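Keep in mind that what you see is a predicted model, and the values were worked out from it rather than measured.
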Amino acid sequence: MGDVLATEASVEEAEPLPGFDTLGLGEELLRGIAEAGYVTPTPIQAQAIPIVLMGRDVLGVAQTGTGKTASFVLPMMDILSGSRAKARMPRSLILEPTRELALQVAENFVKYGKHLKLNHALLIGGESMDEQKAILNQGVDVLIATPGRLLDLFDRGRILLADCKILVIDEADRMLDMGFIPDVERIVSMLPPLRQTLFFSATMAPEIRKLADAFLQNPKEIKVSRAASVATTITTGVLMVQPHDKREALRQLVRREQVKNALIFCNRKRDVDVLFKSLKKHGFSVGSLHGDMEQSARFATLNKFKADELQLLVCSDVAARGIDIGGLSHVFNFDVPFHAEDYVHRIGRTGRAGREGHAYTLCTPDDMKLLGAVEKLTGKPIPRMTLEGLDSVDPDTLAEAAERPSRGGRGRRDERGRDNNRGRGAGRREDERPRAEERPRGEDRARDEERGSHEERGRGRRDSEAPRHERQEAPREYRGRDDRPYRRDDRRDRDDLGPPVRGFGDSVPAFMLIPIPRPRRHDDAAEASTEAEAA
DNA sequence: AAAAAAC
């Protein structure tokens, strides 16, 4: 470490930290870093950059907010800055699980690389392929891609990965969650075996460890704990509400809190849309983001939100991990996430860089189990909060709900919480759901329609239906909702049938239902292959 | 249960 730097730093700080110039990066790059306003590397940058420059593989355990992106982007740029790429033969590849993350990495690349003559291609779905093809033809130093589009372009012969000697697999745990691993394995198999691989994951579950072993050679393991831990900088709270009060409760929370900017997470895309419209109608400055939206809209909304032109962003878990939005004051969980880890990722969007953050969760009686899982994972109960003017949820109801065995889907329980509350007084147990005659007819119908087929899937056939053999033979005709013909999933309890046939809706051709014979034994298979050779 | 990712 340079004496000059240490002396300068000690004037200002008690503990002098080494600057970026001590890590072995080239001059042009250092200029870019300085102009971007960065002076001191974060722990993961300080550890990883020299290792990557040495050409070693890295196994990084780190989350977003730790400066992870720069820890691989910077040394990669330094390594690549020596030479130029050939047409269609990119020299490095960064894989990201979502398009937003890919874009974010690309932005980093541009930001630091001002004084370098490197180019990159952002290969993501939802955007025109022509432009991406044109860039590939010019020769690309860094590919930043989501797996789907990369494979698509590869299969069309637009990319050769034989010269791709640096590979980054980012957010590996998320790739695993999302089922991308087969794609990633295929992509890795197209790269030269002699390469440098950098592998990042927020967690080191056994499956992730196995993947790392498969992709990496003698990696240097680098672990960095979260900059902002849940315990210290994020104020959390959970508000018990009835489902019909959720939107009102959220509005009250947002109004009550000093919300500078906030992400609001929903479990379902559909609910993102609904909540977005509702908040907009109530005059909030709000945008929405989920994976079914047009790509241009996704990026535009995110940029607006980052630029503080929108106060609230209602989103699905597409935004739960990785997306780096500085200085979020709040995170609201409109729904308790299905997976407890997602809670940690969601609320990790706030309270970053030592700033104070707030994370509030709405929880209905049906969500108690999920909330329990969250509290078990974080090892801390989330403080209960109350709001004026809302039906408070009785603790007994909650305790009962927590003990209740999990039911398929949203369950039978009346979704209108008021009725639920009334029912509790009469000591209604969960399996004694309100009888049909207690409910207004039209409503019953609407609910049935809304629940749709996933309900039946979970519960098997309904009491009102004809015995199974009759249904099987019934002519297929539309008989209306209340007396509907059998559906595909009704047959699932027949043990000679395999999994339901996909893609035919309710009218599966009969031949599709013929059971598939048991797989051949080994020697049979050998015979079959010799037959095939003879033919 | 749901979300993400290719056309």
Side-chain angles (χ1 to χ4, degrees), chain A residues 94-104 122-133 143-159 169-187 202 243 263-275 288-295 298-299 302 314-323 333-343 345-346 363-364 366-371 373-374 404-413 415 450-459 489:
Chain A
I94 301 172
L95 285 177
E96 295 288 337
T98 67
R99 298 171 187 173
E100 275 74 13
L101 277 170
L103 179 72
Q104 207 167 274
L122 181 60
L123 305 184
I124 59 174
E127 288 191 343
S128 149
M129 222 181 244
D130 293 346
E131 210 177 309
Q132 294 173 6
K133 284 178 187 165
L143 278 187
I144 304 159
T146 46
R149 180 54 69 91
L150 180 73
L151 285 172
D152 197 351
L153 284 163
F154 182 84
D155 291 340
R156 288 163 196 252
R158 312 304 304 204
I159 320 171
I169 299 171
D170 198 12
E171 303 270 336
D173 53 337
R174 184 141 196 229
M175 300 248 198
L176 185 82
D177 287 351
M178 304 200 316
F180 286 176
I181 295 305
D183 286 351
V184 173
E185 278 172 338
R186 200 182 144 214
I187 291 165
L263 288 178
I264 303 169
F265 286 101
C266 297
N267 284 357
R268 300 171 185 80
K269 289 181 279 203
R270 208 188 71 186
D271 295 333
V272 170
D273 294 334
V274 172
L275 182 60
S288 64
L289 185 69
H290 64 66
D292 280 354
M293 293 167 49
E294 190 101 4
Q295 191 54 53
R298 279 168 69 166
F299 285 161
L302 196 60
V314 185
C315 55
S316 68
D317 277 317
V318 67
R321 300 199 204 185
I323 291 183
N333 289 310
F334 189 72
D335 300 307
V336 184
F338 289 124
H339 292 300
E341 321 88 77
D342 288 333
Y343 176 83
H345 289 117
R346 287 179 180 185
C363 179
T364 67
D366 276 355
D367 296 333
M368 279 310 285
K369 267 198 110 111
L370 297 174
L371 188 72
V374 168
R404 185 194 311 159
S406 77
R407 291 157 293 115
R410 283 148 168 250
R412 278 286 166 189
R413 172 162 290 238
E415 284 188 10
E450 189 199 338
R451 272 194 221 100
S453 57
H454 70 272
E455 169 97 53
E456 277 87 39
R457 198 172 300 141
R459 314 194 119 236
D489 292 317

Under 4.0 Å, heavy atoms only, any strand: does [X] hit a base, just the sugar-phosphate, or nothing?
X	result
A:Pro97	sugar-phosphate
A:His290	sugar-phosphate
A:Asn267	sugar-phosphate

Check this for me, if you would: do A:Arg186 and A:Asp155 make a salt bridge, where the nitrogen-to-carboxylate-oxygen distance has to be below 4.0 angstrom?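 Here A:Arg186 pairs with A:Asp155 in a salt bridge, since their nearest N and O are under 4.0 Å apart.
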Before accepting this row, confirm whether a basic side-chain N of the pair A:Asp152/A:Arg156 lies closer than 4.0 Å to the acidic partner's carboxylate O. yes
Between [atom2] of [N] and [atom1] of [X], the distance in whole Å:
X	N	atom1	atom2	value
A:Asp335	B:dA1	CG	C1'	11 Å
A:Leu289	B:dA5	CG	P	10 Å
A:Arg99	B:dA4	CZ	C1'	9 Å
A:Ile124	B:dA5	CD1	C1'	11 Å
A:Glu294	B:dA5	CD	P	13 Å
A:Met293	B:dA4	CE	C1'	15 Å
A:Arg346	B:dA3	CZ	C1'	10 Å
A:Glu171	B:dA5	CD	C1'	15 Å

Distance-only, no hydrogens or angles: does the A:Ser128 side chain make a donor-acceptor pair with backbone N or O of A:Asp130 under 3.5 Å? yes
Do side-chain atoms of A:Gln132 reach the backbone of A:Ile124 as a donor and acceptor pair under 3.5 angstrom? yes
Assess the side chains of A:Asp273 and A:His290: does a donor N or O sit below 3.5 Å from an acceptor N or O?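 Yes, because at least one side-chain N or O of A:Asp273 sits under 3.5 Å from a partner of the opposite role on A:His290.
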With sequence neighbours left out, write down each residue that passes salt bridge (charged side-chain N to carboxylate O under 4.0 Å, His left out) with A:Glu100, or none if nothing qualifies.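 Partners of A:Glu100 by the salt bridge (charged side-chain N to carboxylate O under 4.0 Å, His left out) criterion, ordered by chain and then number, come out as A:Arg298.
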Any [X] side-chain N or O less than 4.0 Å from OP1/OP2 of [N]:
X	N	value
A:Arg270	B:dA2	no
A:Arg298	B:dA5	yes
A:Ser316	B:dA4	yes

Would you indicate which nucleotide in [options] comes nearest to any side-chain atom of [X]?
X	options	value
A:Phe338	B:dA5, B:dA2, B:dA4	B:dA2
A:Val318	B:dA6, B:dA2, B:dA4	B:dA4
A:Lys269	B:dA4, B:dA6, B:dA1	B:dA4
A:His339	B:dA5, B:dA1, B:dA6	B:dA1

Check DNA chain B against residues 125-132 of chain A and give the residues with a non-hydrogen atom under 4.0 Å, in numerical order.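 By residue number: A:Gly125, A:Gly126.
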Student check: side-chain heavy atoms of A:Phe338 and A:Leu370 closer than 4.5 Å: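 With C-beta onward as the side chain, the pair touches.
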Counting C-beta onward and ignoring hydrogens, is there a side-chain heavy-atom pair between A:Leu95 and A:Asp183 closer than 4.5 Å?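 A side-chain contact is absent here, since even the closest heavy-atom pair is not under 4.5 Å.
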